[in-house]
Protein chains: 2
Amino acid sequence: VTARRVALALVHYPVLDREGGIITTAVTNLDVHDISRSARAYALEAVFIVHPVAAQRELVDRLRSHWTDGGGARRIPDRKDALSLVRIVSSYEAALAELAGGGQAPEVWTTAARAHGTVEAYGALRERLAAPGRPVLLLFGTGWGLPPELQAGADVRIAPIVGADPWNHLSVRAACAITLDRLLGAWS
Amino acid sequence: VTARRVALALVHYPVLDREGGIITTAVTNLDVHDISRSARAYALEAVFIVHPVAAQRELVDRLRSHWTDGGGARRIPDRKDALSLVRIVSSYEAALAELAGGGQAPEVWTTAARAHGTVEAYGALRERLAAPGRPVLLLFGTGWGLPPELQAGADVRIAPIVGADPWNHLSVRAACAITLDRLLGAWS
């Protein structure tokens with residue numbers, strides 16, 4: 001249970017490639033579906049799809065419309081509940097501004113497969129979310145993840161997910177689901 | 001940490017459609033990628049892709065070969081680690097037989113978005129996995145999930161995932177990631 005407003009942003013730029021260079025990735029339709037469904041299940045306020053290229057933003061807009069107003073909405077209504085959370089922005093700064101909405105500036109919480117600097121554990125972060133405070137924007141990177149500069153400037157760097165093995169190459173869809181469950185899920 | 005051999009099976013038949021009828025679903029490439037990556041991160045022994053149609057099994061075989069022996073294996077070696085777990089079978093009974101391998105019959109643990117009969121909580125199941133016992137086959141259904149008869153015959157029905165809301169329409173990729181994390185993850 002959270003006392004904060006929580007949203008997530010799926011970042012397509014700036015993200016890393018395999019060699020650590022900065023790239024822009026293409027939108028993957030299934031990311032938008034899976035991540036908005038996970039966000040809905042964990043009662044997030046919004047899912048920001050961050051892309052600097054207008055044609056890619058239009059693609060996401062068409063996808064969203066199909067499922068919120070078009071044939072998809074009639075055929076599978078629960079998909080409408082999920083896709084309705086999607087907001088399309090050109091930068092993560094724009095996502096921050098929208099989430100602030102003229103009020104308190106959100107905290108930026110970054111996710112990564114490997115620790116960069118000091119990271120915070122899930123138990124402590126659940127407690128922080130349960131107490132009143134600024135809105136929180138959870139950042140997820142596509143490609144090979146968020147660049148170090150973005151991690152360094154974050155308010156919170158969430159601890160990498162440790163499975164049962166040091167091997168850590170989860171999909172962003174799986175990492176997002178697990179992160180939301182660890183931060184917000186009702187375990188038993 | 002588990003003292004048991006644990007594998008999962010992604011079932012394409014028999015599964016439910018929206019109206020509760022029994023159908024066969026088509027293979028989704030990204031299911032095979034995401035679920036094998038999650039399985040590798042949580043140190044599972046195998047991922048059985050269950051499909052009764054030979055042409056669909058051949059499709060999964062070509063996908064797997066590309067990533068374990070072909071161009072994909074050279075380009076992204078960590079994908080090879082994940083896809084190497086994939087085994088292709090025509091029924092979930094065949095998956096059980098392969099996992100048994102002439103030894104103890106595995107327990108069948110089913111997953112579902114809604115409770116069917118008595119379900120067991122994650123904390124208790126973590127303890128069961130930590131103690132020696134028979135191998136465990138975790139069953140995940142595509143489409144609208146596993147049929148009631150299959151749930152009824154299971155050794156364990158795992159509790160539905162509760163997010164922060166009664167809304168529960170996670171993708172099978174997200175549900176699989178969260179289930180493995182709750183059963184086997186190193187939380188902190």
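Protein chains get the first letters and strands the later ones, always in sequence-line order, with residue 1 at the start of each.
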Q: Name, in order of residue number, those residues of residues 32-44 of chain A that have a heavy atom at a distance of less than 4.5 Å from a heavy atom in chain B; otherwise write 'none'.
A: A/D34, A/R37, A/S38, A/R40, A/A41, A/Y42, A/A43
Q: For chain B, find its close neighbours in residues 83-105 of chain A: heavy-atom separation under 4.5 Å, sorted by number, or none.
A: none
Q.
Are B/L8 and B/W109 connected into the same hydrophobic cluster when the rule is that any two of I, L, V, M, F, W, Y join if their side-chain heavy atoms are below 4.5 Å apart?
A. yes
Q | Closest-packed option against chain B by number of heavy-atom pairs under 4.5 Å, given A/L184, A/L30, A/T28 | A | A/L30
Q: Please check if B/L16 and B/V53 belong to a single hydrophobic cluster, counting links between Ile, Leu, Val, Met, Phe, Trp and Tyr side chain heavy atoms closer than 4.5 Å.
A: no
Q: Could you state whether A/V47 and A/V60 fall into the same hydrophobic cluster, counting links through intermediate Ile, Leu, Val, Met, Phe, Trp or Tyr residues with side-chain heavy atoms under 4.5 angstrom apart?
A: yes
Q. Of the backbone (N, CA, C, O) and the side chain (C-beta and beyond), which part of A/I161 lies under 4.5 Å from a heavy atom of chain B, both, or neither?
A. side chain
Q.
Same cluster or not: B/Y122 versus A/L180, using hydrophobic residues (I, L, V, M, F, W, Y) connected whenever any side-chain heavy atoms lie under 4.5 Å apart?
A. yes
Q. Would a hydrophobic clustering, with Ile, Leu, Val, Met, Phe, Trp and Tyr connected at side-chain separations under 4.5 Å, put A/V50 with A/I23?
A. yes
Q: Among residues two or more places apart or on two chains, list those pairs meeting ring-ring contact (aromatic ring centres under 6.0 Å, His included) that have a residue in residues 130-159 of chain A.
A: none
Q: Counting only heavy atoms closer than 4.5 Å, note whether B/R18 contacts chain A via side chain, backbone, both or neither.
A: side chain
Q) Which of residues 165-178 of chain A have a heavy atom under 4.5 Å from any heavy atom of chain B? A) A/D165, A/W167, A/H169, A/L170, A/S171, A/R173, A/A174, A/A177, A/I178
Q) Hey, which of B/D78, B/D81, B/V162, B/L125 has the most heavy atom pairs under 4.5 Å with chain A? A) B/D78
